[in-house]
Amino acid sequence: MTVEHQTTAPVVLPEAWATVPLTVVMPTYNEAGNIPAVAGLLMNLGIPGLRLLVVDDSSPDGTGRIAEELAAGYLADDGTPRMSVLHRTSKDGLGRAYAAGMSKAVEDGARYVLQMDADGSHPADKIAEMLGVALSTDAGLVVGSRYVPGGTLSDAWGAHRRLLSRWANAYASTILGTRVRDITGGFNLWSADALRAIDLASVGSAGYSFQVEMKYAALRRGFQVMEVPIHFEDRTVGESKMSLAVQLESIAMPWKLRARSVGRG
């Protein structure tokens, strides 16, 4: 089941909720120009239970080293690190980077795991609201949605890009028969229970289709999905990693998921 949630005032979490173990998983590849600012935003949100796990795919620009240096300066009151880095030896896709980071976060005791890009496009100030929605509704997934009422896109997005994004969401949702408005979106808060039920090791998507496959898997397993409106900003530093191969995988994946679900009955 999918449900929309809207709020107009900034969310301040009660202490019991603000200390719930929440890990932000952030894959990086050549994000040296973005990671210091994004890490600083997260560490200063006033959510003491929040931890940041950077998953770096051996970035040539030194993103992993910079993240390690930043991590040394972000410690909790008890001296434990609030930020850590998972170094991977090869660049084999966003989906696999997310799966590795999310698996580690759950193993390390996170009760909730948030997917977030390192390029500044996802609004850190929405994390408290998303966590509050998850805790108050027992949702397995809370989507930071560009396409529910109140959701907006950067003015830097031209008409062609807007239409392509809308089409991609309608395409995947129609094929899979879901009511998630932003099924392709990458700003998502997961309960550890949902991630364990999905079994990250079984997820086949290497690229951006990971977002669609994961949401569909949650729905198939009966988890409630909530959508919270966000403003999606365009990256200001660095380049998009959207290759032709990734686009082709995204086109094919909904059909593969549909065929698989039909085969299982």
Side-chain angles (χ1 to χ4, degrees), residues 1-7 11 13 17 20-27 47 49-51 53 94-95 97-107 109-117 121-124 126-151 168-169 172-173 175-205 208-230 232 250 253-254 257 260-261:
M1 181 173 70
T2 63
V3 184
E4 296 172 17
H5 177 273
Q6 291 194 50
T7 185
V11 171
L13 295 170
W17 286 8
V20 167
L22 163 66
T23 297
V24 176
V25 174
M26 184 178 292
I47 306 177
L50 185 148
R51 300 292 182 268
L53 174 60
L94 178 70
Y98 263 128
M102 295 163 87
S103 295
K104 179 168 174 53
V106 172
E107 289 169 6
R111 185 174 164 191
Y112 289 92
V113 178
L114 180 88
Q115 297 175 252
M116 186 173 178
D117 287 350
S121 58
H122 293 151
K126 276 286 186 173
I127 293 175
E129 179 182 349
M130 293 169 73
L131 180 58
V133 168
L135 288 165
S136 61
T137 64
D138 200 31
L141 168 61
V142 179
V143 177
S145 181
R146 299 163 291 180
Y147 299 126
V148 293
N169 269 283
S173 292
I175 292 168
L176 296 174
T178 82
R179 302 176 80 177
V180 179
R181 299 281 190 92
D182 200 349
I183 196 169
T184 66
F187 190 41
N188 307 302
L189 179 80
W190 298 87
S191 72
D193 288 343
L195 293 179
R196 280 189 286 263
I198 290 169
D199 182 15
L200 287 158
S202 70
V203 177
S205 298
Y208 287 86
S209 61
F210 177 83
Q211 316 295 3
V212 174
E213 184 173 357
M214 287 286 290
K215 292 183 183 73
Y216 186 60
L219 290 166
R220 290 278 295 174
R221 286 160 178 77
F223 286 97
Q224 178 174 230
V225 178
M226 303 286 290
E227 297 195 75
V228 170
I230 64 165
F232 185 88
S250 297
M253 184 55 67
L257 295 173
R260 193 183 307 164
S261 65

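Residues: numbered from 1 along the sequence shown.
In this structure, S173 contributes its side chain and V180 its backbone to a donor-acceptor pair below 3.5 Å. Between the side chain of N188 and the main chain of V143, no donor-acceptor pair closer than 3.5 Å is present. A distance-only check finds no donor-acceptor pair linking the side chain of R220 to the backbone of Y216 [under 3.5 Å].
For the pair M130/L114, a side-chain contact is recorded, criterion being any heavy-atom separation below 4.5 Å from C-beta on. Using a 4.5 Å cut-off on side-chain heavy atoms (C-beta onward), L200 and F210 make contact. Contact check for R51 versus T23: side-chain heavy atoms found under the 4.5 Å cut-off. Side-chain contact check for L176 versus V212: some heavy-atom pair is nearer than 4.5 Å.
Listed here is the closest heavy atom pair of G132 and W17: O-CZ3, 3.6 Å. In this structure, R221 and A197 approach most closely via the heavy-atom pair NE-O, 3.0 Å. Across every non-hydrogen atom of L53 and A105, the tightest pair is CD2-N, 4.5 Å. Taking both residues in full, the closest heavy atoms of I230 and G144 are given as CD1-O, 3.5 Å, listed atom of the first, atom of the second, then distance. Between P149 and P229, the closest heavy-atom pair is O-CB, 3.5 Å. Minimum interatomic distance between I183 and T178 (heavy atoms only, all atoms of both residues): CD1-OG1, 3.7 Å.
Taking NE2 of H122 as the reference point, atom CE of M26 lies at 9.5 Å (rounded to 0.5 Å). A distance of 9.0 Å separates NZ of K126 from CZ of F187, quoted to the nearest 0.5 Å. Here M102 contributes atom CE and L195 contributes atom CG; the two are 4.5 Å apart, rounded to the nearest 0.5 Å. With values rounded to the nearest 0.5 angstrom, L13 atom CG is found 5.5 Å from L131 atom CG. Atom CD of Q115 sits about 4.5 Å away from atom CD of Q211, to the nearest 0.5 Å. Once rounded to the nearest 0.5 Å, the distance linking CG of L141 with CD1 of I198 reads 7.5 Å.
Taking the side-chain contact (heavy atoms from CB on, under 4.5 Å) definition, one finds that A194 meets it with W190, S191, F223, sequence neighbours left out. Remark: A97 engages P27, V55, D57, R88 in a side-chain contact (heavy atoms from CB on, under 4.5 Å) (not counting sequence neighbours). For S145, the side chain to side chain donor-acceptor pair (under 3.5 Å) partners are E227, not counting sequence neighbours. Annotation: side chain to side chain donor-acceptor pair (under 3.5 Å) contacts of R146 (sequence neighbours excluded): D182, T184. Partners of T137 under the side-chain contact (heavy atoms from CB on, under 4.5 Å) rule, at least two apart in sequence or in another chain, are V133, A139, Q224, M226.
Sorted by first then second residue, the salt bridge (Lys or Arg N to Asp or Glu O under 4.0 Å) pairs that include residues 130-144, not counting sequence neighbours, number zero.
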